[in-house]
Peer 1: 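Attaching a single structure in structure tokens format; questions to follow.
Throughout, protein chains are lettered first and strands after them, A, B, ... in sequence-line order, and every chain is numbered starting at 1.
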Amino acid sequence: MTHTLTPTAEPAVDVDDVARLLNQDGERIADRELDPYVADIDAEALRGLYRDMALVRRIDTEGVALQRQGQLGLWAPCQGQEATQVGTARAFRSDDFVFPSYREIGVNFVRGAVPSDFVLAWRGEAHSTYNPYDINTATPQIIIGAQSLHAVGYAMGIQFDGTDQVAAAYFGDGATSQGDVNEAMVFASSFRAPVVFVCTNNQWAISEPVTVQAKFPIAGRAPGFGIPSLRVDGNDVLACLAAMRWAVDHARRGNGPAFIEAVTYRMGPHTTSDDPTRYRDKDEVERWRRRDPLTRVEALLRAQGEFSEDFERQVAADADRWGADVRSACLSARTREPIEVFDNVYDEPHVGLDAQRAQFAAYLDGFAGEEAGR
Amino acid sequence: MTHTLTPTAEPAVDVDDVARLLNQDGERIADRELDPYVADIDAEALRGLYRDMALVRRIDTEGVALQRQGQLGLWAPCQGQEATQVGTARAFRSDDFVFPSYREIGVNFVRGAVPSDFVLAWRGEAHSTYNPYDINTATPQIIIGAQSLHAVGYAMGIQFDGTDQVAAAYFGDGATSQGDVNEAMVFASSFRAPVVFVCTNNQWAISEPVTVQAKFPIAGRAPGFGIPSLRVDGNDVLACLAAMRWAVDHARRGNGPAFIEAVTYRMGPHTTSDDPTRYRDKDEVERWRRRDPLTRVEALLRAQGEFSEDFERQVAADADRWGADVRSACLSARTREPIEVFDNVYDEPHVGLDAQRAQFAAYLDGFAGEEAGR
Amino acid sequence: MTQLTMAKSINEGLRRAMADDPKVLVMGEDIGKLGGVFRVTDGLLDQFGAQRVIDTPLAESGIMGAAVGLAFRGYRPVVEIQFDGFVYPAFDQIVCQVAKLHYRTRGNVKMPITIRIPWAGGVGAAEHHSESPEAYFVHTSGLRVVAVSNPQDAYVMLRQAIASNDPVVYFEPKRLYHQKGEVDLDVDLADAPPMGLARVAREGSDVTLLTYGAQVSTAMDAATAAEDDGISIEVIDLRSISPVDYRTVAASVRKTGRVVVTHEAAREAGVGAELVASVTEQCFNYLEAPPVRVTGHDIPYPPAKLEKHHLPDLDRILDAVDRVLDRPNSQTGREEWGSLESGRGAAVGGSRA
Amino acid sequence: MTQLTMAKSINEGLRRAMADDPKVLVMGEDIGKLGGVFRVTDGLLDQFGAQRVIDTPLAESGIMGAAVGLAFRGYRPVVEIQFDGFVYPAFDQIVCQVAKLHYRTRGNVKMPITIRIPWAGGVGAAEHHSESPEAYFVHTSGLRVVAVSNPQDAYVMLRQAIASNDPVVYFEPKRLYHQKGEVDLDVDLADAPPMGLARVAREGSDVTLLTYGAQVSTAMDAATAAEDDGISIEVIDLRSISPVDYRTVAASVRKTGRVVVTHEAAREAGVGAELVASVTEQCFNYLEAPPVRVTGHDIPYPPAKLEKHHLPDLDRILDAVDRVLDRPNSQTGREEWGSLESGRGAAVGGSRA
Ligand SMILES: Cc1ncc(C[n+]2csc(CCOP(=O)(O)OP(=O)(O)O)c2C)c(N)n1
Ligand SMILES: Cc1ncc(C[n+]2csc(CCOP(=O)(O)OP(=O)(O)O)c2C)c(N)n1
Ligand SMILES: [Mg+2]
Ligand SMILES: [Mg+2]
């Protein structure tokens, strides 16, 4: 009823006003709507989710360490967001196409990225490593919000091709302020495109609390665009999986776009260059530490007697292997040759750049001799 | 409750799902919420609104005629939208500040524009005529949606200055797809800025029906940004006035932004260059002709015995005078001197442009002689 | 061969490209039922349907971003920006995504997007409808930029732009839309001159006149007028303004030794600056006089009634020709940047602190 | 006089401008509590409060559009764009509104907006964090564009930019943020050289080396190195790149007859093109050799590990100096645009239709 006055009071934003299947103590909460979407998740599957999160956390820790050791120029940690990333990403089919932003370590992990993919860009060796078509995942986007439109365009293409794939875009709470993200909702809604928007509301955009972007629940914005949405506990991997399965299913069935707001927390700094003590309370961080996405799955599994020492050891070993692999991919990186800066600017011959490249090649050739002479 | 699944069905868009105080036959409809806002509107005031609309229609007709006669390069007719423009604009105080788009003839009329202001820009004599500070109205914006942000910035300034003015932005249904308009809602909401957004949903953006932009009621989008909104019959001048008074009042009292969607119809072409027969039904136009914003006020006044022949004559005479004044302002326009293209690019001396100007002056000086010589 | 307007030849280019390749689609504002505000997409909706002729919401960044996503999916979107002055909301998507994704993904993701822009002035339009933003795109590495000057080129170069795996910004001069010319629609596209090649539009020996787009006809008129004064002007239609075919340009300059460049866009850091700088670098020893630029002033596009004083017309071009030939001209006797020599303080601006 | 980093001197510039004029406010992302990602606005929130130090939502078009509205209201907003590569979403508001409103309103509405942009590369950053977009703004009539190279200029020119009634794009080289220099914060701003004036950073007689921003120090290093070879380079720090103080430039070129221009931005239609074109137009008869540009390649900014091959360093500048002096250099014996002479068809691209 848009023709009666809507309330003028600001809706309160409560981080606990979320769909949830596991509480902080790891107790399973029934949810009539979401339960069907995770009916198949047995202990084995749950352990799989736990393992994913543990490995992602390890990759993240390794990334931070490598940056501290001067091996990476930068790292954008995802600690605290493992459930959001793993839970949502596990809802895709491999032939769905995902447009992540820079912090989606867990999404890329689930999509099939290999160790070097996590570090070489932050090391400054390449803007991207994997071929997007190999893992049906675009290279992580740095321009805030831009990828949301790419996902919509890709989804329009799916529609035209008549397949039942879906596309998805990941972005942050800060990103919701960008025109692009809103235009993406307009386009998705108008074309009923099979796209899912995943907003990782980790409470912060660098130093700005989410209230600078939105004095209202972000998930409440999508319905205004005609897009159904769901606000989910982003530290509850089961709820994230269920919500995302609902959303993906919705899009896959031809019902158009869907929107997920995963309410979580960025435990670390924005990037390794950031100093969060300048702008946020230790208390807040501590409060969220008690909501750790891994511990609550562990608690559930333990309560079910499904968290064996064997499993624990295996996960630790796998994590160590991943950590080691990431590290060695980083340390063994080969820096490309100077002349390769000219590669792939264009797909076809380019008279201007080809000449410039030749000129630079001549410069590089002469350089050694000249250098010696000086 | 954003954590439960929202309905997936598209909300139906019904042009009659609007707040209304006058039906098509000019009968007054009671509305508990809006009535208080027009309690002071007696027959005299109603005649004033009617007169405004009649004069605006006449200016519009004159503009079209002048364009057809080759006196204007273009004209963007407002026929059908008089109630939206006059009704909403009458809700402002003169010290409020308005950011209109290019079709707001009635808004500018109410704000105090003089005859030449309506034609000289379309004639190509100037990008704008009036000094915005004289009538507290920015020059009409052509870049779709851009002015929505200007209004928010202005409103932030009002806030900082601690006055009780409000700012307002007018834009169309098409404009709601632009990033800028959505960012404007984000900023307005975050800063609780005293700004009112007026979306004139005239069903068309050039050749695109509103359903290309939004498969849902536009007013329903604002609440998602934390902004209360109202969908009003844009052909009902009384309802437009009431709704806008509510919105302006809301903003003026420090409650932050408000949003009005006025549901109306663009009776004419997009501009005089446009040929709407290519894309829309005659029937639709005819249906909307029966909703004419002037006739229903006339009917009400007649029913009340308040629409005298005298008044009719007076309005006709005033309209004729306005028409004549607009025409003569157009025909007597002086085109500026060639060298004046350099005026006002910068406010302060500019070594580059000043040299270029001098060079061009020398060129213009020499031109006559050289021309003769050739 | 048939006589077609430029608008119609572009329309045919789109139609045939779409017929030949199911991955080609067109998208933009009002391009469907209306056929575009210039009727360039007229009839395409009927022929190809709403999935390939897409009326989009009114948001240029959205259009461009969606086109990027479609390119990711293997489509070849042809995007129409309704008017030159409305491309800026899409600038971020063009500069950061369209231009860079191929580089970013090390060639794995192609961006075969053609961005059609009805372009430039001289049509008496309202503000924002007569802009010449081409230099922004020329300065953006990763894009190709072409500007057409006649119906035949419009047809062929559009086909080539759409066929290119690289993103191409394709400028269509509005004031030529209704001009007719001979068009061979059955030309063998593989045999036609590639869009990267410049064309000597008129041979001459005294002055090389470089230009593109609608200015080509103004330049041709200037060359004809100059002939009466015994001055032989070689007019080069650059066609591609990024990259520029300097082989053709240099051959001409080495012959004439004198260069005039003309375009509608503002002068400062415009395409003309690049042309003068490159020609000077490459042909310095052949130059008999400093190249002169005849361009729009460094002002926002003026109101329609004044645009003729902004646009570089035949007389301004001829005045510049006189300058490079050291014949009497409007600037004779004036010191270059004369005003610079005086009033150091006041003239430089920004000193009010 | 005191030793300050450039970041601190800009911070002081903001602080004092805000203290002097209540209409000055700063706005941008993370500029409040955090003090900006480069700490340039450190302490301002505490001193001036949240109404004058405004942490905005994450939307550059929104920031710029709101700044326009504030300017309408009589404020003098200083906008921080977090990194050079994030200015593009604001491009439409800058080009169509900030740059044009004064012209559009015939001088009635002033746009005293300062757009601060942490700028350019050489700091090993991720993609989009090392861009040099200045030519886009130089080509935009209605804007002034400055680039600072040392803490003192940074302070004075920021004050002048904020005091100017015209919009100013103010580029701050990231790689100089932490370099210290002598700063006189009590300089009389009315007496200080206006921001429009160039500065002869080092006198010389053989070659004029034109540059701005962080490249000034590279240029100074090159001049020092060249001295060992007996080459005397005059380095000019342009400071204002729109407009350019051609009086100072021309005086130097008339003395040296040889010009090298260097900047990080891509070459094509960059600021260097304008400089070469203008210098050629104005000083043609004094030129002994074609001016040479030493710039970033015409490529998207490369990954950090490769940026040193993109950025014009001391060696590339010296190589160009050798070229303009006709000394042996890397291009000796190569035909200019050599590849152009061969392989007409394939090399021009876009021919796959
Ligand atoms: C267009 C643009 N503007 C600014 C930035 C700088 N920036 C990088 S991350 C970031 C905050 C993003 O916050 P959010 O969207 O919540 O994502 P998060 O970092 O929390 O994952 C900002 C402002 C950018 N990358 N792109
Ligand atoms: C940024 C931008 N894109 C495109 C246009 C071209 N254009 C002018 S009016 C218009 C339609 C606007 O529709 P709407 O917002 O509904 O306003 P209305 O014309 O119906 O009043 C378009 C696409 C423009 N002026 N600005
Ligand atoms: Mg965040
Ligand atoms: Mg409309």
Peer 1: Is there a donor-acceptor pair under 3.5 Å between the side chain of Asp30(C) and the backbone N or O of Ser207(B)?
Peer 2: yes

Peer 1: Just checking heavy atoms, which of residues 272-288 of chain B are less than 4.5 Å from chain C?
Peer 2: Asp274(B), Asp275(B), Arg278(B), Tyr279(B)

Peer 1: Report the distance from atom CG of Leu58(C) to atom CG of Asp173(B), rounding to the nearest 0.5 Å.
Peer 2: 9.0 Å

Peer 1: Mind checking the CD-OG1 spacing from Glu127(C) to Thr139(B)? Nearest 0.5 Å is all I need.
Peer 2: 7.0 Å

Peer 1: Heavy-atom distances under 4.5 Å only: say whether Glu307(C) touches chain B with side chain, backbone, both or neither.
Peer 2: neither

Peer 1: Could you pull out the closest heavy-atom pair between Ile299(C) and Val341(B), with the gap in Å?
Peer 2: CD1-O, 3.5 Å

Peer 1: Show your reasoning for whether side chain to side chain contact (heavy atoms under 4.5 Å, CB included) applies to Glu337(B) and His309(C).
Peer 2: CA-CA 9 Å; Glu337(B) 294 302 315; His309(C) 309 301; over 6 Å; no

Peer 1: Below 4.5 Å from any heavy atom of chain C, which atoms of Ala175(B) appear? Answer side chain, backbone, both or neither.
Peer 2: backbone

Peer 1: Flag the one option from His310(C), Glu29(C), His128(C) with the top tally of heavy-atom pairs under 4.5 Å to chain B.
Peer 2: His128(C)

Peer 1: Let me know if Val37(C) has heavy atoms under 4.5 Å from chain B in its side chain, its backbone, both or neither.
Peer 2: side chain

Peer 1: Is it true that a side-chain atom of Tyr363(B) and a backbone atom of Arg316(C) form a donor plus acceptor pair closer than 3.5 Å?
Peer 2: yes

Peer 1: So how far is it from His297(C) NE2 to Gln359(B) CD, rounded to the nearest 0.5 Å?
Peer 2: 10.0 Å

Peer 1: Would you check, one step at a time, whether the test side chain to side chain contact (heavy atoms under 4.5 Å, CB included) holds for Leu34(C) with Glu208(B)?
Peer 2: CA-CA 9 Å; Leu34(C) 183 63; Glu208(B) 299 187 353; over 6 Å; no

Peer 1: Which answer fits Ile144(B), side chain, backbone, both or neither, if we ask what part of it has an atom under 4.5 Å from a heavy atom of chain C?
Peer 2: side chain

Peer 1: Pick one of side chain, backbone, both or neither for Gln331(C), based on which atoms fall under 4.5 Å of a heavy atom in chain B.
Peer 2: side chain

Peer 1: Is any residue of residues 60-67 of chain C within less than 4.5 Å of chain B by heavy atoms, and which ones?
Peer 2: Glu60(C)

Peer 1: Just do the side chain to side chain contact (heavy atoms under 4.5 Å, CB included) check on Thr56(C) and Val212(B) with the steps written out, would you?
Peer 2: CA-CA 7 Å; Thr56(C) 63; Val212(B) 172; 5.8 Å; no

Peer 1: Among Ala59(C), Pro302(C), Pro57(C), Ala304(C), which residue has the highest count of heavy-atom pairs closer than 4.5 Å to chain B?
Peer 2: Pro57(C)

Peer 1: For chain C, which candidate among Ile339(B), Ile142(B), Asn344(B) shows the most heavy-atom pairs at distances under 4.5 Å?
Peer 2: Ile142(B)

Peer 1: Please classify the contact between Tyr301(C) and chain B as side chain, backbone, both or neither, with a heavy-atom cut-off of under 4.5 Å.
Peer 2: backbone

Peer 1: If you count heavy-atom pairs under 4.5 Å with chain C, which of Gln213(B), His127(B), His270(B), Glu125(B) comes out on top?
Peer 2: His127(B)

